[in-house]
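To start, the structure itself, in structure tokens.
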Amino acid sequence: MQKFHLYMNLFNREYYIEKVQRYLGKGLIVVLTGQRRVGKSCILQSVSSRIKKENEDANTIYINKEYAEFRDINTDVELNRYVDNLLQKDKKNFLFIDEVQDIQGFENSLRNYQAKQSCDIIITGSNATMLSGELATYLSGRYIEIHIQSLDYTEFLEFHRLQDDRDSLLKYFTFGGLPQLSHIGLDNRQMILDYLGDVYNTVMMKDIISRENIRNVRFLEDIAHFVSDNIGKNISANSICKFMRSQGMTISPTLVSNYLGLLSNAYIINQVKRYDIHGRKIFETNEKYYFEDIGLRNSIAGVNLRRDIEKILENAVYLHLKKYGYKVFVGQLQNAEIDFVAERDGQRAYIQVCYLLQSDETIEREFGNLRKIKDNFPKMVVCMDEIAVNGTYDGIQCIHIKDFLGSDKRINKTIRL
């Protein structure tokens with residue numbers, strides 16, 4: 001039985017739905033990845049609904065491992081038995097599997113159905129090891145990954161039916177973009193924070209602690225808290241070990257690196273490497289980390305926009321660049337640092353992020369670092385300063401965060417892609 005959430009009837013995430021539909025009929029398995037509760041299931045259901053609307057004779061088979069009626073499908077053998085009974089030879093078949101990583105040996109089934117061209121296959125998963133392990137081993141070159149993020153700012157406005165103003169922006173920076181928040185209501189602050197805490201605990205338990213048999217749960221949680229407090233700062237395993245020792249705890253750099261990897265694999269955090277702008281090489285140490293959802297980050301670190309606004313601004317800019325297909329690095333320029341180097345389709349942009357431009361020192365730091373870059377790729381400063389924005393200084397554009405987060409078209413216009 002196929003189930004639809006209430007907000008499915010109110011909002012379709014066309015950006016992702018169109019990306020999925022682009023690959024149907026191409027012989028590729030479409031894999032939707034992303035953190036739990038970012039809306040992968042609803043996108044899956046939206047695609048299924050769109051297919052049935054365009055072709056009433058299409059046969060759609062839908063399995064969601066979080067539904068009780070599918071709990072008996074735990075292995076590839078059980079999956080084959082279920083799907084084989086529902087495939088129809090005289091119709092176009094589509095197989096949808098939600099949270100496929102919960103089925104042991106699922107890759108064997110997918111390879112079988114793809115080889116036989118029995119159906120189009122669209123699946124979701126909540127752990128990156130699915131791609132580096134099971135799928136990469138058995139289905140290399142046979143699948144396309146589409147990463148699903150939580151709502152971006154424009155989706156947040158539409159989803160919650162808000163005006164594009166400062167108050168709405170601050171709500172986005174406070175609560176993030178998990179779709180389920182629409183049922184709670186943005187005025188129910190404590191209920192939202194409780195929900196975000198529950199999501200975080202679920203991801204930690206299902207996708208890390210249980211899956212990886214983690215024993216040092218406290219260390220794992222401490223590392224997640226450390227990263228949430230240090231958004232926008234260079235982080236290394238040694239720096240975390242040093243901090244842990246100052247708190248009376250001993251942990252090895254190897255274990256820290258492993259735990260950071262597990263948090264990344266569960267799509268809680270994203271690692272961003274440093275890039276030497278002059279030498280054009282990537283450094284392998286002192287990366288930065290940003291959260292997959294701002295609200296989830298705030299549920300760990302605590303909500304304090306006055307204290308953390310610059311961290312949250314950086315996180316929001318990173319997420320927006322990532323959604324629209326940019327490869328993102330932290331720029332290293334001798335002794336200076338550029339917040340983001342964004343690359344796509346052979347083009348590049350350099351981006352500095354700050355809260356306000358109210359002092360000569362801040363202006364010189366943000367614009368001065370960009371002026372040191374001698375190539376002709378676009379350079380910009382993104383901020384929340386209502387007075388200084390929408391101007392160009394020495395060829396460097398200053399843009400308000402609200403405009404930057406507005407849409408892909410605005411980014412393209414600014415970066416000239």
Side-chain angles (χ1 to χ4, degrees), residues 7 34-41 66 126-128 148-153 155-156 159-160 162 167-211 214 216-233 235 240 243 247 259-260 262-271 288-320 322-323 405:
Y7 57 81
Q35 180 187 287
R36 289 182 187 268
R37 304 294 180 261
V38 296
K40 300 189 301 296
S41 299
E66 293 193 336
S126 298
N127 197 292
I148 310 298
Q149 296 177 207
S150 57
L151 303 177
D152 66 16
Y153 179 58
E155 290 176 318
F156 178 83
F159 207 79
H160 294 284
L162 297 172
D167 182 61
S168 298
L169 185 66
L170 293 179
K171 286 181 178 178
Y172 176 66
F173 287 161
T174 300
F175 302 126
L178 294 187
Q180 186 71 19
L181 298 185
S182 67
H183 293 311
I184 301 173
L186 297 181
D187 293 330
N188 297 311
R189 182 185 179 94
Q190 191 55 53
M191 289 180 64
I192 289 177
L193 295 178
D194 289 344
Y195 169 74
L196 291 172
D198 288 343
V199 171
Y200 170 68
N201 290 332
T202 298
V203 174
M204 290 285 277
M205 181 57 66
K206 286 190 174 183
D207 296 318
I208 303 180
I209 296 171
S210 295
R211 182 183 176 95
I214 298 299
N216 278 328
V217 175
R218 180 188 174 188
F219 282 157
L220 178 67
E221 293 176 342
D222 286 342
I223 289 172
H225 195 280
F226 179 87
V227 174
S228 72
D229 270 340
N230 288 276
I231 296 296
K233 295 182 180 179
I235 293 176
I240 293 179
F243 172 78
Q247 303 299 307
Y259 281 2
L260 288 171
L262 294 177
L263 291 167
S264 297
N265 286 340
Y267 303 111
I268 295 177
I269 59 176
N270 293 272
Q271 182 191 79
K288 290 188 178 183
Y289 290 87
Y290 296 93
F291 273 73
E292 188 78 357
D293 180 75
I294 294 171
L296 212 62
R297 179 265 168 197
N298 292 341
S299 75
I300 300 170
V303 180
N304 189 332
L305 292 186
R306 181 173 296 181
R307 178 194 66 196
D308 294 338
I309 188 62
E310 296 218 15
K311 301 175 186 178
I312 292 171
L313 286 175
E314 273 196 45
N315 210 131
V317 169
Y318 166 77
L319 289 174
H320 202 62
K322 181 184 175 186
K323 175 179 178 179
L405 299 179

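Excluded from the calculations below are hydrogen atoms, water molecules and symmetry mates; all remaining heavy atoms, backbone and side chain alike, are included. Note that this is a predicted model, so its numbers are computed, not measured.
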Does [Y] offer a backbone N or O that forms a donor-acceptor pair with the side chain of [X] under 3.5 Å?
| X | Y | answer |
| --- | --- | --- |
| Asn298 | Thr174 | yes |
| Asp207 | Asn127 | no |
| Asn188 | Met191 | no |
| Glu155 | Asp152 | yes |
| Asn201 | Gly197 | yes |
| Thr202 | Asp198 | yes |

Would you please test Ile268 and Val227 for side-chain contact (heavy atoms from CB on, under 4.5 Å) and show each step?
CA-CA 11 Å; Ile268 295 177; Val227 174; over 6 Å; no

Do you know the tightest heavy-atom contact between [X] and [Y]?
| X | Y | answer |
| --- | --- | --- |
| Phe156 | Leu151 | N-CB, 4.1 Å |
| Val303 | Leu193 | CG2-CD2, 3.7 Å |
| Tyr200 | Ser299 | CB-OG, 4.4 Å |
| Gly232 | Glu314 | CA-OE1, 3.5 Å |
| Ile148 | Val38 | O-CG2, 3.7 Å |
| Asp229 | Ala301 | OD1-CB, 3.9 Å |

Side chains of [X] and [Y]: does their closest heavy-atom pair fall under 4.5 Å?
| X | Y | answer |
| --- | --- | --- |
| Arg37 | Tyr195 | yes |
| Phe291 | Leu319 | no |
| Tyr259 | Asn216 | yes |
| Gln180 | Val199 | no |
| Ile240 | Asp222 | no |
| Gln35 | Val203 | yes |
| Leu162 | Tyr172 | no |
| Ile192 | Leu186 | yes |

Starting at [atom1] of [X], measure out to [atom2] of [Y] and round the result to the nearest 0.5 Å.
| X | Y | atom1 | atom2 | value |
| --- | --- | --- | --- | --- |
| Lys206 | Ser126 | NZ | OG | 9.0 Å |
| Ile312 | Leu305 | CD1 | CG | 5.0 Å |
| Ile269 | Ile223 | CD1 | CD1 | 9.0 Å |
| Leu220 | Leu263 | CG | CG | 5.0 Å |
| Ile294 | Lys311 | CD1 | NZ | 13.5 Å |
| Glu221 | Ile214 | CD | CD1 | 11.5 Å |

Applying side-chain hydrogen bond (donor to acceptor under 3.5 Å, both in side chains), name anything that partners [X], two or more places apart in sequence or on another chain.
| X | answer |
| --- | --- |
| Asp293 | Ser150 |
| Gln247 | none |
| Asn270 | Glu292, Lys322 |

Could you go through the side-chain contact (heavy atoms from CB on, under 4.5 Å) check for Val217 and Met204 one step at a time?
CA-CA 9 Å; Val217 175; Met204 290 285 277; over 6 Å; no

Less than 6.0 angstrom separating the ring centers of Phe226 and Phe243, yes or no?
yes

Run the numbers on Tyr267 and Gln149 for side-chain contact (heavy atoms from CB on, under 4.5 Å), then give the verdict.
CA-CA 9 Å; Tyr267 303 111; Gln149 296 177 207; over 6 Å; no

Residues Lys171, His160; criterion side-chain contact (heavy atoms from CB on, under 4.5 Å); working and verdict:
CA-CA 11 Å; Lys171 286 181 178 178; His160 294 284; over 6 Å; no

Do the ring planes of Tyr290 and Tyr318 sit parallel (below 30°), tilted (30 to 60°) or perpendicular (above 60°)?
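Judged by the thresholds at 30° and 60°, the geometry between Tyr290 and Tyr318 is parallel.
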
